[in-house]
Colleague: 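Could you have a look at this structure, given as structure tokens, before my questions?
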There are 2 protein chains.
Amino acid sequence: MDMAGLLIGDVAERTGLTAPTIRYYESIGLLKAAPRSATGYRRYADTTVEELRFIKKAQSLGFSLEEIGEILKLSRAGDTPCSHVLDLSRRHLQAVQERIQQLARFRDQLAAELAKWDGKKEPTCRGLCQIISSAEEREADAPSLDLHARDLRAGSRRKARR
Amino acid sequence: MDMAGLLIGDVAERTGLTAPTIRYYESIGLLKAAPRSATGYRRYADTTVEELRFIKKAQSLGFSLEEIGEILKLSRAGDTPCSHVLDLSRRHLQAVQERIQQLARFRDQLAAELAKWDGKKEPTCRGLCQIISSAEEREADAPSLDLHARDLRAGSRRKARR
DNA sequence: ATCCACCCTGGAGTGCACTCCAGAGTCAAG
DNA sequence: CTTGACTCTGGAGTGCACTCCAGGGTGGAT
Ligand SMILES: [Zn+2]
Ligand SMILES: [Zn+2]
Ligand SMILES: [Zn+2]
Ligand SMILES: [Zn+2]
């Protein structure tokens with residue numbers, strides 16, 4: 001009972017992140033260091049929970065932690081013009097736009113192929129190989145897209161203490 | 001002049017990959033070991049170039065090298081039913097579909113915000129932060145998407161020998 | 001007093017897909 | 001016969017975003 005504020009585990013629970021991840025964010029300067037209790041425990045304000053949720057969302061939209069750091073820095077500094085963030089956003093918009101289009105083409109072809117397979121009961125992998133081969137005839141210098149979610153950790157099973 | 005076939009550098013040039021990458025693919029069993037000349041040089045057939053292009057494309061569509069390996073294995077085995085590849089494709093279709101929808105929403109919001117910024121000459125980062133915050137209210141357990149292309153290496157500057 | 005779930009630290013390890021390095025051999029052209 | 005661009009190997013290193021570990025301290029409940 002030494003200064004109010006959320007413990008790191010409470011913050012973890014509220015955000016769906018793990019405590020080590022939150023410490024990691026602090027260690028790379030993404031999150032500013034939390035005030036400590038007399039015994040060294042981090043004590044967080046509710047606003048940190050908001051900030052972490054923001055980070056999670058920005059990340060799910062394709063921003064790297066470094067970029068999020070830039071955005072957060074500007075955001076904390078107030079309403080300054082921040083043309084850098086503007087640029088960053090424009091580049092993302094561009095990338096996102098291209099990715100959507102490539103994915104949509106792929107989706108349509110893959111869906112069509114799967115439908116064919118669902119019809120006749122004897123699928124071969126020829127079709128798949130062909131649609132992969134014919135996808136994106138255009139210079140194929142497309143950036144990769146990580147569709148493989150790192151396993152979302154099961155919500156922390158922390159016994160409610162208090 | 002010891003057995004015809006492309007040298008690894010030739011293959012690299014034709015595919016846009018680097019020689020180490022091609023060796024790496026062989027080392028993980030993605031590419032089957034190429035026949036060697038008397039002095040140990042790998043000698044590739046033209047079909048390998050096709051295979052590598054296939055790999056590149058599949059990769060750009062979000063398949064991991066491991067998944068590509070599975071597909072290739074089945075593909076080489078002929079036209080067997082391969083329900084595993086079918087499953088794999090269905091899962092990808094699902095993931096791709098979700099990703100497209102999230103990205104499209106984000107794109108629309110981001111584009112709108114940037115348009116506003118283009119109008120009035122004094123952008124602040126409030127808007128961006130808000131659209132990131134409001135994006136995807138739905139449980140945000142969305143997998144990440146790597147929009148950040150690893151730098152596409154400049155085409156190898158290999159002096160045409162031969 | 002004893003639990004036991006939490007908290008702390010620094011540092012090492014993970015997974016993917018490369019990328020680089022040192023040290024040695026090969027080969028066609030000049 | 002030298003040069004120089006290529007080839008080979010094994011192993012180490014990179015970047016991102018964590019994730020785990022050992023070893024130790026804290027604090028509310030019984
Ligand atoms: Zn970015
Ligand atoms: Zn196939
Ligand atoms: Zn996959
Ligand atoms: Zn802002």
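Everything numeric here is computed off the predicted structure, so don't read it as measured data. Lettering of chains follows the sequences in order, A, B, ..., and the numbering in each one begins at 1. Just the heavy atoms: all of them, side chains too, but no hydrogens, waters or symmetry mates, feed the values below.
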Colleague: Tell me every residue that passes side chain to side chain contact (heavy atoms under 4.5 Å, CB included) with P20(A), counting only those two or more places apart in sequence or in another chain.
Modeller: T18(A), R23(A)
Colleague: Could you tell me the separation between the CD1 atom of I22(B) and the C1' atom of dC6(D), rounded to a whole number of Å?
Modeller: 14 Å
Colleague: Looking at five pairs on each end of the helix from dA1(C)-dT30(D) to dG30(C)-dC1(D), what is the angle between the two axes, given to 10 degrees?
Modeller: 10°
Colleague: For L17(A), is there any backbone N or O sitting under 3.5 Å from a side-chain donor or acceptor partner on T21(A)?
Modeller: no
Colleague: Whole angstroms only, please: what is the CD-P distance between E67(A) and dC16(D)?
Modeller: 11 Å
Colleague: Contact list please: residues 23-31 of chain A against DNA chain D, heavy atoms, distance less than 4.0 Å, in numerical order.
Modeller: Y24(A), Y25(A)
Colleague: Report the nucleotide, chosen from dT7(D), dC18(D), dC8(C), that has the shortest atom-to-atom distance to any side-chain atom of I8(A).
Modeller: dC8(C)
Colleague: A34(B) and R42(B): which non-hydrogen atoms are nearest, and at how many Å?
Modeller: CB-CB, 4.0 Å
Colleague: Suppose we screen for salt bridge (Lys or Arg N to Asp or Glu O under 4.0 Å). Which residues come up paired with E66(B), at least two apart in sequence or across chains?
Modeller: none
Colleague: Once you round it to whole Å, what is the distance between P of dC7(C) and CZ of R43(A)?
Modeller: 10 Å
Colleague: Do K32(A) and E26(A) meet the salt-bridge criterion of a basic N to acidic O distance under 4.0 Å?
Modeller: no
Colleague: Calculate the interatomic distance between D10(B) atom CG and dT7(D) atom C1'; express it in whole Å.
Modeller: 12 Å
Colleague: Rounded off to whole Å, could you give me the CG-to-C1' distance for the L7(B) and dG25(C) pair?
Modeller: 14 Å
Colleague: Of all the heavy-atom pairs spanning L30(B) and L72(B), show the shortest one and how long it is.
Modeller: O-CD2, 3.8 Å
Colleague: Do the non-hydrogen side-chain atoms of L65(A) and Y25(A) ever get within less than 4.5 Å of each other?
Modeller: yes
Colleague: For Q59(B) and dA17(C), what is the distance between atoms CD and C1' respectively, to the nearest whole Å?
Modeller: 8 Å
Colleague: As an exercise, state the distance from CZ of R43(A) to CG of D10(A), rounded to the nearest 0.5 Å.
Modeller: 8.0 Å
Colleague: What is the distance, rounded to the nearest whole Å, between atom NZ of K56(A) and atom C1' of dA17(D)?
Modeller: 15 Å
Colleague: So which nucleotide from dA17(D), dA17(C), dC7(C) ends up closest to the side chain of S64(B)?
Modeller: dA17(C)
Colleague: Output yes when at least one side-chain N/O atom of R36(B) is less than 4.0 Å from OP1 or OP2 of dT9(D), else no.
Modeller: yes
Colleague: Distance from L7(A) atom CG to Y44(A) atom OH, nearest 0.5 Å?
Modeller: 10.0 Å
Colleague: Can you list the residues that meet the side chain to side chain donor-acceptor pair (under 3.5 Å) rule with R53(B), with sequence neighbours excluded?
Modeller: E50(B)
Colleague: Tell me the closest heavy-atom pair linking A19(A) and A12(A), and the distance in Å.
Modeller: N-CB, 3.9 Å
Colleague: Polar atom pairs between nucleotides 20-26 of chain D and protein, under 3.5 Å, N or O only, would you list them?
Modeller:
unit_1, atom_1, unit_2, atom_2, d
dG25(D), N2, Y41(A), OH, 2.8
dT26(D), O4', Y41(A), OH, 2.9

Colleague: Rounded to whole angstrom units, what separation is found between the CD1 atom of I55(B) and the P atom of dC16(C)?
Modeller: 17 Å
Colleague: Please determine, for the side chain of R42(A), which listed nucleotide (dT7(D), dA17(D), dT9(C)) has the closest atom?
Modeller: dT9(C)
